[in-house]
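Below: one structure, written as structure tokens.
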Amino acid sequence: MDSAIAPAIIQRRKRKMILWIILAVAGLITLLWIFRQSLSSSIKRTEIITARVEKGNVDNTITATGEVQPEFEEVITSPINAVIKSVLIDAGSPVKSGQSVLELDKAFTEIELAKLKFQLELKENNIARLKLQLDKSFYDLQANDSIKQLRINSLQAAVQDAKRLFKAGGGTREEVEQAELDLKIAQLEKRQLENEIRNKQMTMRTDMRDSELSAQIQRKDLDELERKLQQANIVASRDGVITWVNKNIGSQIGVGASLVKVADLASYRVVGSISDAFAEQVKTGMPVIARINDSLLRGTVANIHPTIQNNIMSFDVQLDNRSSKLLRPNMKLDIFLVTATSNGVLRVANGAAFKGTAVQDIFVVQGNKAVRRTVHLGLSNFDYVELKDQVTPGEVIITTDMSQYKHLQEITLKD
């Protein structure tokens, strides 16, 4: 029979196996490191981008988007409900002040205008008729008042006659009292009629005022419709260029519908948009840089829009050169808001090598070598990065992403 292996022997065998495994892994790692070193310690000059350190200014910026718009743009709207009859000038064409751009079918409004004129004439005739009726009614009341006065005069004479007859013994006390009663009744009737005349005068004035006010309102409506009908001749109010025109000939459009846009293309502004996360940093008057291809235009934030839509804040940029030939209506561009500026500092062209950290390793070209240095970075923008130390003017920096060589102190540059 086979005898059992002692535990001490088993333990020694395990330790020996573990040791061999560790040595094998360490050897493999060493070989990989040596292989990587042999592959990555050199790079072709054609594979890198370099920039020279220089002295200059660096602006710290936040990025936004912008849209170019004419500084002046008039939107002509329809003053009436109408139908587009014809388009006389197409978009992109120049236009002179007073020149017709678009023609509307105004037949419906002209019919409505004629109807208002008839209604106003009828109202004025009603006012004249009402005045005649009121005058006649007032005259009749005044005539009745005169008749009442004559009757009172007659009754006063009858009272005097009754009293004389009573004193002479030719009359009775009852006759005197009856004559006095008739006189009082006549006087009361006259006062009642006088009160009615006063009320009639007030009513006449009120009725006439109501009719005249109604006619004035009708007249103003008529004047307003005539003015709108005149405005329905769609003409340009100043010289410019047609940037947009409603070409839906035959379509029904309502009051206030946009018909034509006329812009003065001699000067432009930029409407910027940025996330509201930067709202606290955007200030009126802060410098702005607009990039169009490889050209830069400078300006300032002129106005910040009060409302935020879909987490986007908008603002207006007034350009220093508002008539630049690079600008076109509705052009999209990148704009950069300058939050800080460093003047007369060491700077180098921005590139993929810079990751936005305050301390970073870079490679400086020295002959056929690139030597790693640790530098402190300052302000940065889309063009430049500020280098605070470890470099001098004229030195050449590799701006290509060199993160795969970060373990090396120097790299050989091959032609």
Side-chain angles (χ1 to χ4, degrees), residues 65-120 214 216-273 302-318 322 327-333:
T65 59
E67 181 177 349
V68 178
Q69 294 183 359
E71 197 165 36
F72 170 83
E73 185 173 46
E74 177 189 19
V75 180
I76 303 176
T77 60
S78 175
I80 60 174
N81 294 316
V83 174
I84 298 177
K85 190 174 182 180
S86 63
V87 175
L88 305 178
I89 303 178
D90 207 348
S93 303
V95 65
K96 296 291 184 181
S97 177
Q99 187 175 358
S100 295
V101 179
L102 183 144
E103 186 178 2
L104 297 177
D105 186 348
K106 300 175 285 186
F108 176 79
T109 305
E110 288 170 344
I111 292 173
E112 187 178 354
L113 179 64
K115 180 180 177 182
L116 280 178
K117 287 182 177 179
F118 287 136
Q119 290 176 347
L120 179 60
S214 179
Q216 287 179 7
I217 293 172
Q218 190 90 31
R219 195 173 292 110
K220 286 183 177 179
D221 290 342
L222 181 63
D223 293 341
E224 177 67 13
L225 190 57
E226 286 181 334
R227 184 183 65 83
K228 288 182 176 180
L229 199 59
Q230 181 65 30
Q231 290 178 340
N233 299 318
I234 308 301
V235 299
S237 63
R238 60 185 294 172
D239 295 351
V241 174
I242 304 294
T243 57
W244 177 83
V245 63
N246 190 335
K247 300 173 66 175
N248 297 321
I249 296 174
S251 62
Q252 180 77 36
I253 47 99
V255 176
S258 298
L259 295 175
V260 180
K261 291 183 180 180
V262 181
D264 181 1
L265 301 186
S267 60
Y268 296 89
R269 63 187 176 95
V270 174
V271 177
S273 300
N303 175 55
I304 299 174
H305 299 185
T307 58
I308 294 176
Q309 296 183 346
N310 299 324
N311 299 324
I312 298 298
M313 183 180 73
S314 300
F315 53 92
D316 296 327
V317 176
Q318 183 176 357
R322 291 174 287 179
L327 300 172
R328 295 289 184 274
N330 303 320
M331 174 188 287
K332 307 292 184 182
L333 44 75

Legend entry - Close side-chain approach of Lys332 to Thr65, heavy-atom, < 4.5 Å: no
Inset, instruction - Give, for atom OH of Tyr268 and atom CD of Glu73, the distance between the pair rounded to the nearest 0.5 Å. - result: 10.5 Å
Inset, instruction - Spell out, as yes or no, whether a donor-acceptor pair under 3.5 Å connects the side chain of Thr243 to the backbone of Lys261. - result: yes
Legend entry - Point-to-point distance, once rounded to the nearest 0.5 Å, from CE of Met331 to CD of Gln69: 13.0 Å
Inset, instruction - Determine the minimum heavy-atom distance between Thr77 and Leu259, stating which atoms define it. - result: C-CD1, 4.1 Å
Inset, instruction - Determine whether Ile89 and Val245 make a side-chain contact, defined as any pair of heavy atoms from C-beta on separated by less than 4.5 Å. - result: no
Legend entry - Ser314 side, atom OG; His305 side, atom NE2 - distance, nearest 0.5 Å: 6.0 Å
Donor-acceptor pairs under 3.5 Å, side chain of residues 95-102 to any protein atom, not counting sequence neighbours: which ones?
unit_1 : atom_1 : unit_2 : atom_2 : d
Ser97  : OG     : Ser237 : O      : 3.1
Gln99  : OE1    : Lys96  : N      : 3.0

Inset, instruction - Search all heavy atoms of Ala82 against all heavy atoms of Gln252 and return the closest pair with its distance. - result: O-NE2, 3.2 Å
Legend entry - Side-chain touch Arg328/Leu265, heavy atoms, less than 4.5 angstrom: no
Inset, instruction - Report yes if some heavy atom in the side chain of Asp90 is under 4.5 Å from a heavy atom in the side chain of Ile242; otherwise report no. - result: no
Legend entry - Which atom of Gly254 lies closest to which atom of Ser78, heavy atoms considered: O-CB, 3.7 Å
Legend entry - Side-chain donor/acceptor of Asp264 to backbone N/O of Ala266, under 3.5 Å: yes
Inset, instruction - State, yes or no, whether a side-chain contact exists between Val68 and Asn330 at a heavy-atom distance under 4.5 Å. - result: no
Inset, instruction - Check the pair Val262, Val241 against side-chain contact (heavy atoms from CB on, under 4.5 Å), reporting the backbone distance first and the verdict last. - result: CA-CA 6 Å; Val262 181; Val241 174; over 6 Å; no
Legend entry - Exercise: identify the closest heavy-atom pair between Trp244 and Ser258: CH2-O, 3.6 Å
Legend entry - Flag side-chain contact, heavy atom, 4.5 Å: Arg322 against Leu327: no
